[in-house]
Amino acid sequence: MLTDTMSRGLKALEPVEPGHLKFYSCGPTVYNLAHIGNFRTFITADLVVRTAEALGWKVSYVSNITDVGHLTQDDVADATGEDKMAAALRAKGQEFANVWDLARFYADAFIDDWRKLNLREPLVRPRATEHMREQIQAVDQLVKSGHAYATPSGVYFRLSSFPEHGKLSGNVDKEQLQVGVRDVVVDDNKEHPGDFALWKQDDKHLMQWFSPWGWGFPGWHIECSAMAMKYLGETLDLHAGGEDLVFPHHESEIAQSECLTGKTFSNHWIHTRFLVVDGEKMSKSKGNFYTVRDLVEDRGQDPIALRFALMATPYNKPLNFTMQSLSDAGKNVERFRECRRVAESTLDRPGSADISQELDRIYGEALDAMCDDLNTSVALARALEGTGVIFRDQSRLGGESSKIALEYLDRIEELLGICPSSQVEERSFEAELELDMILRSELKAAKKFDEADAIRLKWLDQGVELRDTPEGTIWKLVQS
RNA sequence: GGCGGCGUGCCCAAGUGGUUAAGGGGAAGGUCUGCAAAACCUUUAUUCAGCGGUUCGAAUCCGCUCGCCGCCUCCA
């Protein structure tokens, strides 16, 4: 069951081809580093994929990268005709040779952050600039079928040819919409102010392609229609994006696509609610604007903890992100890591813990929660309950039961992506640390505890915590 | 003006008509430990923004009030 924006309620997600989900998720425009709010949306898509896979479905997952600069970013029509990518280039001109270079840089950074957050790779990650032919053909077809018309400055979609426009957002009554204040496509030749651009001509635009209407560039909405249909066919099972995309982006995608094919564009729509920081909308001027890099690289936060924090509230409610919520999430992620460590370190000894049924039950409940409109709050609670079962029985853990515990953690990782198997952490001081750990255990054996504690404190100052466990001393990095 | 969401303990948050209001963080006490850390155990909301109504029964449904927030042609 999944909320469907179109019907405004819960609806079973039923792929046209049973057991094979065709899923398109709108990606970012790469004129800047994506922020954590963007990633909340991509995590939602990731969880759809993971849940469908856990149900044994095949998933064809497509998520685009918009690497064409589109409309202007100012509240009023921008006389310079400058788009977001051009504006970014102007601001960071020293760093990039041209808009193409800039787009490539931010697209790479985006994919890098994507991987850090343990997001599933899509089947295809199409880029707008690499699908220009498809877009031009789509526009051409719309013109030929009377759904679009050309003016001296561009090609526009004829809204009056698609009376259903507005069915997704509820913005049906066009008279109620604030008219044209931010309609940057100022063109007296438009038939209706709401007609949106499919193709635009503008000499100043930094990316240009040749088309039947002369040199120009595509409108924002056409890329998703063209790319979704190219890879997934004329009707999608599910289309996702941020709540801001409901109108106008998805509304326009529907109009274009359905006029093109005469078929339903997507049978199901989900939209992730916005994230706010400290109760307020993120904005650079408020100083509460975070990118993955800000948190992970500059502040040394664990990317998996960030992922956990971003899924702590279900996607269909606004999420309030705070540094407190991130540190809470970090504690939970550490718990999963510790749980995995316990299971791994007891693998070689005999054990008698009988946890198989209980863990199966808990996993089943976590999966049920995900199937209930991606209720991540409940799914995470259940996942955590499983670690409790493992820890409670840790003295009797061993052999087969340790293996069962690890399998549980692996299944939770597949479903929720919050307990990846630990990678080897590398630090340059490793040799010195090894020596100190040996020295410290000798001191402990000789009951010279003051000196042993001094070693522990010394490393703690450097962000390394030494812990004595039944299996010997271990170390881990701690947040400074 | 149009469309929509939210208000649950110190913090985050699940729960949308019916036994004791999930879970996490924090705090307090205890077990274990040379000490730490981790883990485990115990405690931490007679109450769900306020008021009124429907009902045998409401955090959950209805109405009003207060407060907060999002979208309405840049945005995930």
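Below, chains carry the letters A, B, ... as their sequence lines are ordered, and counting in each starts from 1.
Spacing of P atoms, A13(B) relative to U8(B), comes out at 8 Å, to the nearest Å. For the P atoms, the distance from G63(B) to G5(B) is 13 Å, rounded to whole Å. Taking the C1' atom of each, A14(B) and U55(B) are spaced 26 Å apart, rounded to whole Å. Taking atom C1' in both U33(B) and U43(B), the straight-line distance is 23 Å, to the nearest Å. One P atom belongs to A21(B), the other to G9(B), and the distance between them is 15 Å to the nearest Å. Atom P of U19(B) sits at a distance of 14 Å from the matching atom of U60(B), rounded to the whole Å. Spacing of P atoms, A49(B) relative to G7(B), comes out at 8 Å, to the nearest Å. Going from the C1' atom of C71(B) to that of A38(B) covers 46 Å, rounded to whole Å.
The base of A36(B) lies close enough to the side chain of Arg456(A) for a donor and an acceptor atom to sit less than 3.5 Å apart.
Both distances falling under 3.5 Å, in either a Watson-Crick or a G-U wobble arrangement, place G52(B) opposite C62(B). Here A45(B) sits opposite no nucleotide as a Watson-Crick or G-U wobble pair (both hydrogen-bonding atom distances under 3.5 Å). Remark: C32(B) base-pairs with no nucleotide in the shown strands. Criterion, Watson-Crick or G-U wobble with two distances under 3.5 Å. Across the strands present, U19(B) finds no partner; the criterion is a Watson-Crick or G-U wobble pair with both atom distances under 3.5 angstrom. Pairing of C74(B), defined by two Watson-Crick or G-U wobble distances under 3.5 Å, is not identified with any nucleotide. Here C6(B) sits opposite G67(B) as a Watson-Crick or G-U wobble pair (both hydrogen-bonding atom distances under 3.5 Å).
Which of A76(B), G34(B), G23(B) sits closest to the side chain of Arg440(A) comes down to G34(B). For Asn332(A), counting side-chain heavy atoms from C-beta on, the closest listed nucleotide (G34(B), G25(B), A36(B)) is G25(B).
Between Ile111(A) and Arg127(A), the shortest heavy-atom contact is CD1-NH2, 3.8 Å.
Between Phe105(A) and Tyr31(A), the gap from one ring centroid to the other reaches at least 6.0 Å. Aromatic ring centroids of Phe289(A) and His35(A) lie under 6.0 Å apart.
Considering Asp368(A), Asp372(A), Asp373(A), Leu374(A) as possible partners of Met370(A), the one that fulfils the side-chain contact (heavy atoms from CB on, under 4.5 Å) test is Leu374(A).
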Between protein and nucleic acid, restricted to nucleotides 38-41 of chain B and to nitrogen or oxygen atoms under 3.5 Å apart, what atom pairs and distances do you find?
from: A38(B); atom 1: O2'; to: Glu338(A); atom 2: OE2; distance (Å): 3.0
from: A38(B); atom 1: O2'; to: Arg467(A); atom 2: NH2; distance (Å): 3.3
from: A39(B); atom 1: O2'; to: Gln394(A); atom 2: NE2; distance (Å): 2.7
from: C40(B); atom 1: OP1; to: Arg335(A); atom 2: NH1; distance (Å): 3.4
from: C40(B); atom 1: OP1; to: Arg335(A); atom 2: NH2; distance (Å): 2.8
from: C40(B); atom 1: OP2; to: Arg335(A); atom 2: NH1; distance (Å): 3.4
from: C41(B); atom 1: OP1; to: Arg392(A); atom 2: NE; distance (Å): 2.9

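Using a 4.0 Å heavy-atom criterion, one finds that Gly241(A) contacts the sugar-phosphate atoms exclusively.
Within a 6.0 Å radius of NZ in Lys448(A), no more than 12 heavy atoms belonging to other residues, nucleotides or ligands are found.
Using the six-membered ring where Trp is involved, His221(A) and His249(A) have ring planes that are tilted, between 30° and 60° apart. Under the 30°/60° scheme for interplanar angles, the aromatic rings of Phe321(A) and Tyr290(A) are found to stand perpendicular. Aromatic ring orientation, Phe96(A) versus Tyr106(A): tilted (interplanar angle from 30° to 60°).
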Go along nucleotides 7-15 of chain B 5' to 3' and tag each nucleotide: B for a protein heavy atom under 4.0 Å from its base, S when only backbone or sugar atoms are that close, - otherwise. ------SSS
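When the P atom of G34(B) is taken as reference, atom NZ of Lys448(A) falls 19 Å away, rounded to whole Å. Distance CH2 (Trp269(A)) to P (G4(B)): 19 Å, rounded to an integer number of Å.
Considering only heavy atoms from C-beta on, Val62(A) comes within 4.5 Å of Pro126(A) through its side chain.
Judged by the 6.0 Å and 45° rule, Arg158(A) forms no cation-pi pair with Tyr149(A). Both tests do not hold together for Arg120(A) against Trp114(A): distance to the six-membered ring centre under 6.0 Å, angle to the ring axis within 45°.
Residues Phe42(A) and Leu384(A) each lie close to RNA chain B; by heavy-atom proximity, the contact nearer the 5' end of the strand is made by Leu384(A). Between Ala452(A) and Ala381(A), the residue anchored closer to the 5' end of RNA chain B is Ala381(A), taking for each the nucleotide with the nearest heavy atom.
An OP1 or OP2 oxygen of C71(B) is reached within less than 4.0 angstrom by a side-chain nitrogen or oxygen of Lys281(A).
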